[in-house]
Structure formats: structure tokens, C-alpha cells
Amino acid sequence: MSQVRVRFAPSPTGFFHIGSARTALFNWLYARHTGGVLVLRIEDTDKERNSEQFLNVIYESLDWLGLNWDEGPKAGGNFGPYRQSERSAVYREYLEKLKAAGRTYEKDGAVWFKLIGERTEVFDERRQKTVTKVKVEPTVINDLIRGRVERVEDEDFIIVRSDGNPVFHFVNVVDDIAMQITHVIRGEDHLSNTSKHVELFKAFGAPLPQFAHIPLILKQNGPGKMSKRDQGALIEEYQRRGYLPAALVNFLCLLGWNPGDDREKMPIEEIIRLFDLPGINQSNARFDDKKLAHMNMVYLLGLPADRFVERARTYFQLHAADAPALQAEAAYFREVMLLSQPKIKGLEELPAYTQYLFTEDYGTDPKMKEKVMARGDPKARLGELIAGLAALDFSSDSAIEESIKALAARHGLGFGDYQSVARLAVSGTNVGPSLTSLFRVLGKERVRQRLERLLAAV
RNA sequence: GUCCCCAUCGUCUAGCCCGGUCAGGACACCACCCUUUCACGGUGAGAACCGGGGUUCGAAUCCCCGUGGGGACGCCA
């Protein structure tokens, strides 16, 4: 059995979105699973829409997701060039083959591919024009995911535009032949096109690759497939929001594929081991950002301390470069981040979640303040805390807890009686790490200042 | 409109191929527990075989027809 060769063939005409990412991912998984080769081919035959900027988005997104390619731009290979805009010579050569075989003709300045069979003129209501139908045998494709699919391709189609540029169907097939692609793994939106492609393969006398049409990702709200304009569709958005690429990849794997049991969070090596084309679902999947967010949290929770701190710092640098957090000592920054790691769902919560730990200029949640001040005698508690502060043992979380409990006991109270007002004083809010951790991290002096400031304000 | 694909909780899905399970898990939602706030976590609840025929002792599972969803029908890819 010869080596598997698959390709991911994006067109740099838009941003890189979730659907493209999953197609790339499934090709990558299959290549890695079989020990085959992943080819990256840039389909930039449409000069009007092509752009270097979009091309870089593709490279960066694949890179971020960890989907490396074995052949293609930047990687090289024996079947290049890998940008279709640089392959005109190849297309000319293949076009000559079709011409020599009598399978083309010119009309309106464009080159058409000629089907073989009896021809009749019919009026097409939808397109409001007369078209030529050709009586041909149905094209059969044995799709690895869908099984046997039969479709009749009964109209000639353009393969070279009047401006001389070849179109998608033609270059796609020519390159799959020239690059010796063995498996075509692509979105189901191409299933109907496949009959055109099969006709071309046959006209070239080339062996058919195996086809595997994967289900589409539907937009979360409203009808239809996800497009680059939809909310949450772009890969770069997740990159920007500090999502872990491993979490996104894991999530994407589970959209249309599963290991056959209940496992969800899985190391990529395990996914590669189990992944196979026939295991892919046949039905479309709706995108669910809540589940993605959950997967991201699970990965965040599982990150080793150093890696989490590193990610956190990168996030701050990207989004809050002027944040006091980045001015803080590395050890302090680390401590605050590790306090936050088990509490947050995404890195994007970090700046707001930790802001009061890096500045004295933090706001107070008015609703929270009202609530806390309305219950018990918070001013008295504040006074007691300040008076007893010098005697509190700040050496560890448990020491702080014990000494506050002791202080509370002297007044016939419990820890809880001091908690909410103390938290309000040191953080201005009611969400955050445990109070003892906040005390310890802030240190006695800053805690004193904050307690006194609140007492003075009420 | 024509052609192609698909159909299990709100969502992602297991089970289907090789008919016999209280139709399982996860996200979301709700309740309770844990708790020093907020989360995490734990327990529990509610929640699905699209409809109709057929085959069969027996159908989520096999077949047919509806219906619904999706896609394609460009000198876009």
C-alpha cells in the first residue's frame, strides 16, 4: 500500500474560520494517523479576491493550532510550487491533454469541458436561460463517510475563464493528480461538485482518489452553515481571547467525530491513534460556544503552574500592555495568577479578576457595598479587625484563618462575620480568591490601608 | 425549481452496520450538598429515538414514503 497523501487547500479570500480549521484538522489527523503526508496547497486562482494578508492569516492560524504540513509553502516538497498562482505551466500542460483528446471547446472566450453523450437544449427556469443537457451515465463516488453516492453531471462547465485563468474545478483536479493525492477530505459542500471532478479525473485517465466528505458546521443561531461573518467563526478571535489552541483542537475533533466512548478531553496523540475516516459522522453539527468555553476551562485547569503563568502574562501583554499587573514583580504576578487559575473560566477574565491586586486605585461595587453595609455591624467589625491586625499571624493562609477566628471568638463571633466586609475592603467586590489568600498576598500593611480606607468612607 | 446529503435530549453525541439495553455520557438549565465570597467539585431532576407505513414474536436499529434540516446548481473556491 502506497503512502497516504492528503491535502488542505484553502483559498486566501477570507479569514480563516472554524470550518476551514476543522477540515485542516481532519486532514492533519488522517495524515498523522496513517503516517502519510499533509500537503498545504494555496488555491489562489481568483486574482480579484486574493490577498497576501489573508494568506498570512492561514499560516498563522494553522501554526497556532499546531497543524504542521509536510509539503507546501515554507515546507517545500517535490510537487511544488504549492501556490496555484505559480502553477500556470502545469495547467497549460494538462489543458493541452484535454484539447488533444477532444474534450474541450471555446465559447464566449472561455474554455469549456465537454461531456460525452447525446445533447438537448432545454430552458432552465431558475437561471432563466437555455442550457445544453448531455445524456451521460451517472457518476458514482464511493465516499468513505457517506458510502455510495450517485449523481448525474449533465452540463458542460467552464475550466478556463475568458481572461485565461483556470477555474477551481480544473486546477483542483489537476493538482490532485499532479501532487498524487490519495485521499480528498473536504467539506460536504463539495459533494455535489465531486461529479465534475470525477469526470475530469476520467478524462485525464487518472485514478480516482478516495473521497471523504465531512459534515458541515452550522451556525449557532439561525439557519445555515457557519460562515466567516458569523459570531465566533474566526480562529483569530479565539487566539486573541486567550483560548488554548489544544482546547479548541480537542473541541473541533469532537464536532463530527468521537473516540467511540465517553471520553472528551483527550491528548492529541490519543486522538491521532484512534482517528479514522469511517468514524466521522454523517450529519452536520451545530457550533456551541458554551461547550467550547467549558473545554477551554478544563484545559486551563489542567495547565501546569509555569505554563499557566506564562499564558497569563502573554494575555496581559496582548490586551493590557499598560496594566499595572505587568509592572508587578514576577513572583507576585505569579502568585496572583495561580490564585486565579482554579477560579476562572477563561484567560480573558484575568484583568478584571485580578485588577485590585495590582493597584490601590480599584473601584468598589456599589451594590455589593450596600448589601454588606446593610447587614450586622460592619463598621464595628472593621474596627475590630484593624485593632487586632498587628496581632494576626500572616505567615500562611491557615495561620491567617486561625488568627482571624481567634479574633472573632474574642468578640463572640465567627470568621464569617468578618469575611464579607473585609473582602469588600480589600477587593471592592464579592468575587475572588479566598480571603485568607488575599490577605497573605497583599501583606499586612496594604490590608491595613484598605481596611482603614473603607472605614473612613462609611 | 432540479439534484445530492442528513435526521437520538435545547446543543455535541453513544447505541444503528450484526433488531431484544430502565436509550448512556457531556455542555447548558434547575435543585441540593460542599464552602470563608465567587468558582471548581459532588449528588439529583427535567429533557430525545421527526411522522406514517412495511418486514419481524420483537424496530432507535432494516426497507419505503412523507416531513424537516443542510448543501450544490458562478467566467467564487
Side-chain angles (χ1 to χ4, degrees), chain A residues 9-14 20 43-46 48-50 84 107-112 124-127 131 138 141 143 145-147 149-155 157-169 171-172 186-196 213 215-216 218 220 223-225 251 254-265 278 281-295 297-298 301 340-345 349 353 368 372 397 401 404-405 414-420 422-424 427 429-438:
Chain A
S11 178
T13 56
S20 308
E43 307 223 334
D44 53 354
T45 55
D46 186 347
E48 295 295 308
R49 302 192 189 186
N50 190 340
Q84 292 185 329
K107 191 172 94 182
D108 305 328
V111 180
W112 293 66
D124 185 298
E125 288 290 341
R126 186 178 166 276
R127 283 177 285 179
V131 297
I141 78 162
D143 194 278
I145 295 170
R146 276 144 223 292
V149 177
E150 211 177 275
R151 186 173 183 277
V152 178
E153 188 64 44
D154 60 358
E155 284 179 36
F157 52 91
I158 289 174
I159 52 177
V160 182
R161 299 185 185 91
S162 51
D163 66 3
N165 286 310
V167 305
F168 164 73
H169 301 299
V171 296
N172 192 266
R186 65 196 350 174
E188 199 228 44
D189 48 344
H190 285 294
L191 188 54
S192 301
N193 292 328
T194 307
S195 47
K196 284 189 178 68
H213 286 94
L216 301 180
L218 270 25
Q220 181 153 247
K225 63 171 174 172
F251 170 80
L254 262 18
L255 230 47
W257 177 86
N258 66 78
D261 54 40
D262 289 338
R263 281 178 295 172
E264 293 201 328
K265 186 191 179 201
N281 291 142
Q282 305 181 335
S283 47
N284 295 339
R286 200 167 292 277
F287 182 74
D288 183 358
D289 61 357
K290 291 249 180 55
K291 186 132 186 176
L292 207 205
H294 177 262
M295 184 66 83
M297 181 199 73
V298 171
L301 244 28
S340 309
Q341 182 179 15
K343 306 286 233 169
I344 58 166
K345 214 169 165 70
E349 293 175 22
Y353 195 81
M368 166 68 180
V372 171
D397 278 22
E401 180 173 346
I404 291 179
K405 278 180 176 167
F415 187 102
D417 296 296
Y418 293 87
Q419 209 228 152
S420 54
R423 177 178 295 282
L424 180 69
S427 77
T429 178
N430 67 328
V431 300
S434 71
L435 186 67
T436 52
S437 296
L438 293 181

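Naming convention: chains lettered A, B, ... in sequence-line order (proteins, then strands); numbering from 1 in each chain.
Judged by distance alone with a 3.5 Å cut-off, no donor-acceptor contact links the side chain of A:Ser192 to the base of B:C73. A:Lys343 contributes no side-chain N or O that forms a donor-acceptor pair with the base of B:C40 under 3.5 Å. Side chain A:Lys291 to base B:A26: a donor-acceptor pair is found below 3.5 Å.
Of the P atoms belonging to B:A14 and B:U8, the separation is 10 Å, rounded to the nearest Å. With P as the reference atom, B:U61 and B:C49 are 12 Å apart, rounded to whole Å. Rounded to whole Å, the P atom of B:C29 lies 24 Å from the corresponding atom of B:U35. The separation of B:C17 from B:C32, taken at their P atoms, amounts to 44 Å, rounded to a whole angstrom. Straight-line distance between the C1' atoms of B:C64 and B:C27: roughly 37 Å, to the nearest whole Å. Remark: the separation of the P atoms in B:C16 and B:A7 is 14 Å, to the nearest Å. Separation of the P atoms belonging to B:G1 and B:G24 is 40 Å when rounded to the nearest angstrom. Rounded to the nearest Å, the gap between the P atom of B:G41 and that of B:C4 is 47 Å.
Among the protein residues, A:Pro10 comes within range of no part of the nucleic acid, since none of its heavy atoms lies under 4.0 Å from any strand. Nucleic acid contact for A:Ile158: base, since at least one base atom lies under 4.0 Å from a heavy atom of the residue. Contacts of A:Ser434 with the nucleic acid, taken as non-hydrogen atoms under 4.0 Å apart, include base atoms. The residue A:Gly224 sits close only to the backbone: its heavy atoms come under 4.0 Å of sugar-phosphate atoms, none of a base. If you check every strand for non-hydrogen atoms under 4.0 Å, A:Asn284 touches sugar and phosphate atoms only. Within 4.0 Å of A:Gly109, counting heavy atoms only, lies no atom of the nucleic acid at all. Counting any heavy atom pair closer than 4.0 Å across all strands shown, A:Gly416 reaches no nucleic acid atom. Using a 4.0 Å heavy-atom cutoff across all strands shown, A:Glu155 reaches no nucleic acid atom at all. Heavy atoms of A:Leu216 sit under 4.0 angstrom from primed sugar atoms or phosphate atoms, though from no base atom. Here A:Phe251 lies out of heavy-atom contact (under 4.0 Å) with every strand.
In this structure, B:A47 forms no base pair with any nucleotide, since neither Watson-Crick nor G-U wobble geometry is met with both distances under 3.5 Å. Shown here, B:C27 forms a base pair with B:G10; the pair counts as Watson-Crick or G-U wobble because both key distances fall under 3.5 Å. Using Watson-Crick or G-U wobble geometry with both donor-acceptor distances under 3.5 Å, B:C73 finds its partner in B:G1.
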* To do: Just do the side-chain contact (heavy atoms from CB on, under 4.5 Å) check on A:Ile159 and A:Val171 with the steps written out, would you?
  => CA-CA 8 Å; A:Ile159 52 177; A:Val171 296; over 6 Å; no

* Asked: Which is it for A:His294 and A:Glu264 under the side-chain contact (heavy atoms from CB on, under 4.5 Å) test, yes or no, and what are the steps along the way?
  -> CA-CA 11 Å; A:His294 177 262; A:Glu264 293 201 328; 5.7 Å; no

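The distance from atom NZ of A:Lys107 to atom C1' of B:C75 is 12 Å, rounded to the nearest whole Å. When the C1' atom of B:U2 is taken as reference, atom CZ of A:Arg151 falls 10 Å away, rounded to whole Å. When rounded to the nearest whole Å, the span between CG of A:Asp189 and C1' of B:G74 equals 15 Å. Distance A:His294 NE2 to B:C29 C1': 14 Å, rounded to the nearest Å. Computed from coordinates, the A:Glu153 CD to B:U2 P distance equals 18 Å when rounded to whole Å. Between the CD1 atom of A:Ile344 and the P atom of B:A39 there is a distance of 14 Å, rounded to whole Å. The NZ atom of A:Lys265 sits 17 Å away from the P atom of B:A26 (whole-angstrom rounding). Atom CG of A:Asp289 is separated from atom C1' of B:G10 by 14 Å (rounded to the nearest Å).
For the pair A:Arg423 and A:Glu125, both in contact range of RNA chain B, the more 5′-proximal nearest nucleotide belongs to A:Glu125. When each of A:Asp262 and A:Thr436 is assigned the nucleotide of RNA chain B with its nearest heavy atom, A:Asp262 is the one assigned upstream, toward the 5' end.
Between the side chain of A:Ser427 and the main chain of A:Leu424, no donor-acceptor pair closer than 3.5 Å is present. Although no hydrogens or angles enter the test, the distance criterion places a donor-acceptor pair under 3.5 Å between the side chain of A:Asp143 and the main chain of A:His213.
Residues satisfying the side-chain hydrogen bond (donor to acceptor under 3.5 Å, both in side chains) criterion with A:His190, sequence neighbours excluded, are A:Asn193. With sequence neighbours excluded, no residue forms a ring-ring contact (aromatic ring centres under 6.0 Å, His included) with A:Tyr418.
Under 4.0 angstrom from either OP1 or OP2 of B:U13 there lies at least one side-chain N or O belonging to A:Asn281. The side chain of A:Gln282 places an N or O atom within less than 4.0 Å of a non-bridging phosphate oxygen (OP1 or OP2) of B:C6. Residue A:Asn430 places no side-chain N or O under 4.0 Å from the OP1 or OP2 atom of B:C38. Contact between the side-chain N/O atoms of A:Arg127 and the OP1/OP2 oxygens of B:G74 is found at a separation under 4.0 Å. The side chain of A:Arg286 places no N or O atom within less than 4.0 Å of a non-bridging phosphate oxygen (OP1 or OP2) of B:A28. Between A:Lys225 and the phosphate of B:C6, there is no side-chain N or O to OP1/OP2 separation shorter than 4.0 Å.
Considering every non-hydrogen atom in both A:Ala422 and A:Leu435, the closest pair reads CB-CD2, 3.8 Å.
Listed nucleotides: B:C5, B:C38, B:G70. Nearest to the side chain of A:Val431: B:C38.
Considering only heavy atoms from C-beta on, A:Tyr353 comes within 4.5 Å of A:Pro433 through its side chain.
Remark: A:Glu349 does not engage A:Lys343 in a salt bridge, criterion side-chain N to carboxylate O under 4.0 Å.
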